[in-house]
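So the structure is just underneath, and the comments pick up after that.
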Amino acid sequence: MDILLTGGTGTLGRPLCAALQGAGHRLTVLSRRPATDVRHRCGPAVEVWPTLDAWSVDRHFDAVINLAGEAIADARWTSARQALLRSSRIDLTSALVTRMGAARTPPQVLLSGSAIGWYGDRQDLALDETSTGGHDFAARLCADWEDAAGGAAAFGVRVCQLRTGLVLSRQGGMLSRMYWPFRLGLGARIGDGRQWMSWIHVDDWVALALHLLNDGHAEGAYNLTAPFPVTHSEFTQRLAHSLRRPVWLSVPASILRLGLGEAAGLLLGGQRVMPGRLEAQGYRFLFPQLEPALRSLMR
Ligand SMILES: NC(=O)c1ccc[n+]([C@@H]2O[C@H](COP(=O)([O-])OP(=O)(O)OC[C@H]3O[C@@H](n4cnc5c(N)ncnc54)[C@H](OP(=O)(O)O)[C@@H]3O)[C@@H](O)[C@H]2O)c1
């Protein structure tokens, strides 16, 4: 397939680029970075586009994979930051959808990013794709992002929204940030530790993206999370155990709220998300359980 990718240089984009090229697909990566940097991250054979203006009506892509977005957990959500978090996802997705509609032959499929933050903070409630959405900033961001992608269905495009959980990878994201403090025995529990963490191993995330790309019947929102989510307390214990370190520190919720404001909700709240649709289809996870997933990444 000829595939256009946004966010191809990111934590999820890089292993996905490698897997797609390994499967024989040709990639064009939309990126703000210099072409040399993109080729270094995504592979020497990728075509690099600095803007969507490069998309002429005659250029056909079989698929578009849309992962770009300003990092959500990196800074306090000031109103300027919120605007950037929204525009880097929703405006870019709307622009992509407009281009898909303008193409003489629109792509067959759009895989578009989203997150389990779509559900909001729901304490212990088990959630699947039939559950209702949340109302906080992150939930509205995801809902509007999904809606923008859904617009491509009007052009006959099969649209899948990837409601991604906390991806475990050593190349970026939450685990790579936790690794060194825990490795040095300075890992800490956050808040009361009862918040749920719906995680997924990066290898499963990549395998699922390929699965949804290739399954012509897959459509709509999918929870990309392992079938056994854990509480934050259990996660920190298991991470520390995998590194043979203790966890004896904790960060009170009040301190985190003082530093991060509303964004602290990402760490203090959580969702207990089940991959209902994938399980119903019989998808077999490479890493359904946390301990082997951590072990494979800590090797
Ligand atoms: N990793 C996770 O655990 C996780 C969980 C849930 C949802 N997600 C979502 O999945 C997507 C991919 O995740 P990731 O971990 O790979 O993210 P990432 O490492 O932060 O990469 C995101 C990519 O988006 C592009 N980007 C960043 N800021 C942008 C901006 N202001 N305007 C346009 N493009 C921008 C960048 O590409 P260039 O620099 O090349 O332009 C970057 O490589 C993200 O949208 C994220 O919100 C991730």
Side-chain angles (χ1 to χ4, degrees), residues 4-19 27-43 46-52 54 64-75 77 80-96 111-119 137-139 141-146 148-149 160-178 197-206 208-209 212 221-226 229 235 263 266-267 270-271 273 275 293 297:
L4 174 64
L5 229 123
T6 79
T9 58
T11 306
L12 305 184
R14 275 173 285 155
L16 183 60
C17 281
L27 304 186
T28 300
V29 176
L30 180 76
S31 174
R32 303 159 304 162
R33 296 168 196 256
T36 45
D37 191 14
V38 179
R39 292 201 178 97
H40 176 67
R41 287 166 176 257
C42 303
V46 301
E47 186 178 344
V48 183
W49 281 2
T51 75
L52 275 181
V64 175
I65 303 179
N66 175 36
L67 302 173
E70 188 71 32
I72 194 158
D74 280 10
W77 293 343
R81 183 86 192 155
Q82 290 192 352
L84 184 59
L85 291 169
R86 288 182 62 82
S87 68
S88 62
R89 290 178 173 79
I90 298 157
D91 296 355
L92 177 62
T93 304
S94 300
L96 265 179
L111 302 188
S112 193
S114 181
I116 56 170
W118 187 89
Y119 296 101
F137 170 74
L141 172 66
C142 291
D144 292 344
W145 193 11
E146 289 192 10
C160 291
Q161 286 97 347
L162 315 180
R163 275 185 202 156
T164 299
L166 300 161
V167 180
L168 304 186
S169 161
R170 286 290 301 280
Q171 312 308 319
M174 176 195 67
L175 187 65
S176 69
R177 274 196 289 268
M178 292 172 88
M197 294 180 70
S198 298
W199 58 275
I200 181 168
H201 190 291
V202 64
D203 291 355
D204 268 317
W205 189 91
V206 169
L208 280 166
L212 296 174
Y222 284 83
N223 292 340
L224 271 59
T225 58
F235 188 93
L266 287 179
L267 301 169
Q271 303 81 15
V273 178
L297 291 161

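In each ligand, atom 1 is the first atom listed, and ligand 1 is the first ligand listed. FYI, side chains are in, hydrogens and waters are out, and symmetry mates aren't considered; it's all heavy atoms of this structure.
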Shortest non-hydrogen contact between A68 and T6, atoms and distance: N-OG1, 3.1 Å
Set of residues satisfying salt bridge (Lys or Arg N to Asp or Glu O under 4.0 Å) with respect to D37, sequence neighbours excluded: R33, R41
Can you find a pair of side-chain heavy atoms, one from [X] and one from [Y], that are under 4.5 Å apart?
X: V202; Y: R14; result: no
X: D91; Y: R86; result: no
X: Y119; Y: R163; result: yes

Shell of residues surrounding ligand 1, defined by a 4.0 angstrom heavy-atom cut-off that is strict: G7, T9, G10, T11, L12, S31, R32, R33, L67, A68, G69, E70, L84, S88, R89, S114, A115, W145, T164, G165, L166, V167
F235 ring center near W199 ring center (under 6.0 Å): no
